[in-house]
There are 2 protein chains.
Amino acid sequence: MNAPADSADVRRRNLALVLRYLDAHGPCARTEVAVGTGLVHATVTALVTELIDRGLVCEAGSVPSGGRGRPRRLLRLIPERVVILAAQVTLEYVHVMAADFRGHVLHRESAPHHAPYGDPRALAAVIACLVRSAEAAVRNATPHAHLAQLAVAMAGPVVGPSHLVAAAIDFGWHSTDLRALVAAELPGLDCPVDVVNDANMAALAEYHALAAEGVRHPDTVAYIKADTGVGGGLLVGGRVHSGSHGMAGEIGHLPIALDGPECRCGTRGCLATYLGPEPLIRAAGLERLAEAQGGEAALAELDRRLRDGDPDAVAALGAAGHALGAAVLGVSGVTDAGEIILGGYLATWATWFRPGLEARLAGRRALSPDMQPVITFGVLGGEATLRGAFQTCRDALLDDPTSVPATRRTPVGGPVRQR
Amino acid sequence: MNAPADSADVRRRNLALVLRYLDAHGPCARTEVAVGTGLVHATVTALVTELIDRGLVCEAGSVPSGGRGRPRRLLRLIPERVVILAAQVTLEYVHVMAADFRGHVLHRESAPHHAPYGDPRALAAVIACLVRSAEAAVRNATPHAHLAQLAVAMAGPVVGPSHLVAAAIDFGWHSTDLRALVAAELPGLDCPVDVVNDANMAALAEYHALAAEGVRHPDTVAYIKADTGVGGGLLVGGRVHSGSHGMAGEIGHLPIALDGPECRCGTRGCLATYLGPEPLIRAAGLERLAEAQGGEAALAELDRRLRDGDPDAVAALGAAGHALGAAVLGVSGVTDAGEIILGGYLATWATWFRPGLEARLAGRRALSPDMQPVITFGVLGGEATLRGAFQTCRDALLDDPTSVPATRRTPVGGPVRQR
DNA sequence: ATATTTTTTTTCGAGTCTTGAAATAAATAA
DNA sequence: TTATTTATTTCAAGACTCGAAAAAAAATAT
């Protein structure tokens, strides 16, 4: 925001423009890129040449250009050129995925981490181990690929450009530089490491997954999910907005009732006390099962009962749907999100949440019908976070294609000209 | 976001950088600008020359540069060069203000508009009349000033780049192109006309007013105000974020209670039903006065009783303070605003709102103390909206100094060089 | 009084970038 | 074969920033 601009910035931006166009519109000729981006033919030629030099794009045959005239030489992305690493840390496991630029998964591995409470170093070691394994597999399969970035998604607010994990309650951390710890364990890895918030990444992933299905998103999109907890994310123009402390969208503690049940956070009536797994389990009368066999088993049983039409279970979700409706109104009122994506079991159990949710929303007389936020449901399930971590790396590369080195040797000052 | 970049963009950005530096750091020499902006001396010379040509900057004497050496030639802004017009439309009045770049008010005028319900044309005519009057006064006083922009602040959501007022309930409008109407009434005015949301502008103004007092704002700041209604705004990096429908921050209908009082909006438990003027008047037992003499008189009486220590009045605000606390928690939870500015009578009556507000907030065990949002109070009172409309024009000019035409004749291709 | 030092500012050539016009390439139709 | 059409590249021009060197303007040293 406050650094001088120069011609390199112009280049970067226009390269990004061309690369994005090719990514979005598939193989097409230089002429089409010129028309689509607003750049002049000559510039497109130069930019495409650079993208080819960097190995991101190649020519893919010619097609006749309708009637007579020189045929178009198609350009297409080379997705294999770039490999992205994404990691996700949950309470018990670390998941790592390697994928090419298109999102094609090349490698995937998980391991329980048994990291002692309050010891990020142990966890970093597990992450590093899996990452090394993924890297080796990728190097073996596609030795010429460029390792673009590693993003580690993590439950906890991630602050600003330093990527410090400010506080991960479940892990007992406080202002932890997980990025540095992971990077220190991976001395050979020559790609940037980022630490990101898991719910934000899930939001990003669902956003892109829905866009791929043809959904046209509004400027501001909110994401609310519930699984082991209640959280979410906020997207502005397709980018994560993480707020002042990396906590934007963390709406588990949105107050929706002035004197609702007490919450761990110290106040009353938080959304999580209506929509979180424990209150749902309790409302459905499954607390004994949860105590005996754990929360996951109870949720599985809840799922079974819902599908069997158990009235207690259905009623529990119906009531929670009302709370969800209040949250949707709150989020849309504050952020003016034009779309709200529901994920986690909010999506899995959409059938049972819907009645309560819609009842709560229907009451609202919006200023005009097209201002009512659109409710959509996530489609990625448990994959969302990892896909989002991948997506954020992908976006970074699309923003700056110059981060990929040239493969062809290009003499400084462009090709030597002979006279 | 999707237009090609060229060297003109680089110029624009670097000009903005230099102009912003001079605006923020007062008169200083080219060397200091170079160090402060990160630009090279040679470039600063060129950029400053252009700003001087455009009449935005001038040299203001020399100061010895500590010991020996060539003295520094100070540069300073010429605030009189630029005139900005700001208008505000309330239910009964139109206010227009003309101010120079520094914010020095040159002219100020108000008129009741008596615009019939549902007729934006009549209102546009009143605005235009006051604007013409302001323009004439300014032209007379400072004939060489550049008229930069006119911003009209208006109660109602303003949508996207078209500046359409989507719905102004109080005026009976629907998808009104107020900008076009005003521009049509002002054929001679050769400056851009913008229509903006009033609460958003108030937010922007308070943000800058507090910054001028030395407050360091976090990335995300929310603004909540109450006067004739409850509304607000959301600022990200000092810029208004207006959401998908221009309604971000319009939190009057934030649900804070699952089954609170019914609201005009069709749902229950909206913030406005606790914090709006009517409920406060009712809670303080002043509804008869309000019926007889109108809401403003009742609010004035409420103010008097508060200062007299009337227990009913104090109790009313105490309870409302709790609701405000819930709203603050909600807003900060969703947006992760690091600071929340309270305006309107929330600021005037801060003394009486505070206990309830703080009680509600104190319960919250934040993840860490520095994540608790800071609560500040607006200082501009009724001036906020108009100042904000001014500020948004000012920002636009600081972003693009090339919008100000050159006064000196500069030959195309720079000064002619003789050999 | 003159030379030297120091600091600020400008000048100048070089390197990048985009652009528009002209040239080249590669096909079809006459 | 020749003309026409469409796609792509080449080339010179113009706009920027940058780094180094030169010029300017004062204080200090000789």
Nearest whole Å is fine: how far is D/dT17 P from B/Leu17 CG? 11 Å
Trace of the side chain to side chain contact (heavy atoms under 4.5 Å, CB included) decision for A/Leu74 with A/Val63: CA-CA 7 Å; A/Leu74 294 184; A/Val63 291; 3.8 Å; yes
Quick one: do A/Arg239 and A/Asp395 make a salt bridge, cutoff under 4.0 Å? no
So what does B/Ala5 touch, heavy atoms closer than 4.0 Å: a base, only the sugar-phosphate, or nothing? sugar-phosphate
Any donor-acceptor N or O pair under 3.5 Å, side chains A/Thr220, B/His241: yes
Cation-pi check, B/Arg81 onto B/Phe101 ring (under 6.0 Å, within 45° of axis): no
Using 4.0 Å as the upper bound for N to carboxylate O, is an ion pair formed by B/Asp400 and B/Arg13? no
Can you identify which nucleotide, out of C/dT6, D/dA7, C/dT9, has its nearest atom closest to the A/Thr31 side chain? D/dA7
Just how far, in rounded Å, is P of C/dA26 from CD of A/Glu59? 12 Å
Can you pull out the residues from residues 36-46 of chain B that lie within a 4.0 Å heavy-atom distance of DNA chain C? B/His41, B/Ala42, B/Thr45
Take atom CG of B/Asp9 and atom C1' of D/dC16, then tell me their distance rounded to the nearest Å. 12 Å
Is the shortest side-chain N/O distance from A/Arg68 to OP1 or OP2 of C/dA30 below 4.0 Å? no
What about B/Arg70: does its side chain form a donor-acceptor pair under 3.5 Å with the base of C/dT7? no
Tell me whether the side-chain N/O atoms of B/Asn14 come closer than 4.0 Å to OP1 or OP2 in D/dC16. no
Separation of atom CZ in B/Arg73 from atom P in C/dT8, rounded to whole Å: 13 Å
In whole angstroms, the gap separating C1' of C/dT19 from CZ of A/Arg11 amounts to 13 Å
Sidechain N-carboxylate O distance under 4.0 Å for A/Asp9, A/Arg12: yes
Rounded to whole angstrom units, what separation is found between the CD1 atom of B/Ile52 and the P atom of C/dT9? 11 Å
Flag the pair A/Glu80 and A/Arg102 as a salt bridge only when some basic side-chain nitrogen lies within less than 4.0 angstrom of an acidic carboxylate oxygen. yes
Heavy atoms from C-beta onward define the side chain here; which of C/dA27, C/dT18, C/dT16 lies closest to that of A/Pro71? C/dA27
Given atom CD of B/Glu32 and atom P of C/dT7, what is their separation to the nearest angstrom? 16 Å
Which residue lies more 5' along DNA chain C, comparing A/Glu50 with B/Gly69 via nearest heavy atoms: B/Gly69
A/Arg12 CZ to C/dT18 C1': how many Å, rounded? 16 Å
Select one nucleotide: of C/dC17, C/dT8, D/dT9, the one nearest the side-chain heavy atoms of A/Val10. C/dC17
Could you check which of D/dT17, C/dT18, C/dT9 has an atom nearest any side-chain atom of B/Asp6? C/dT18
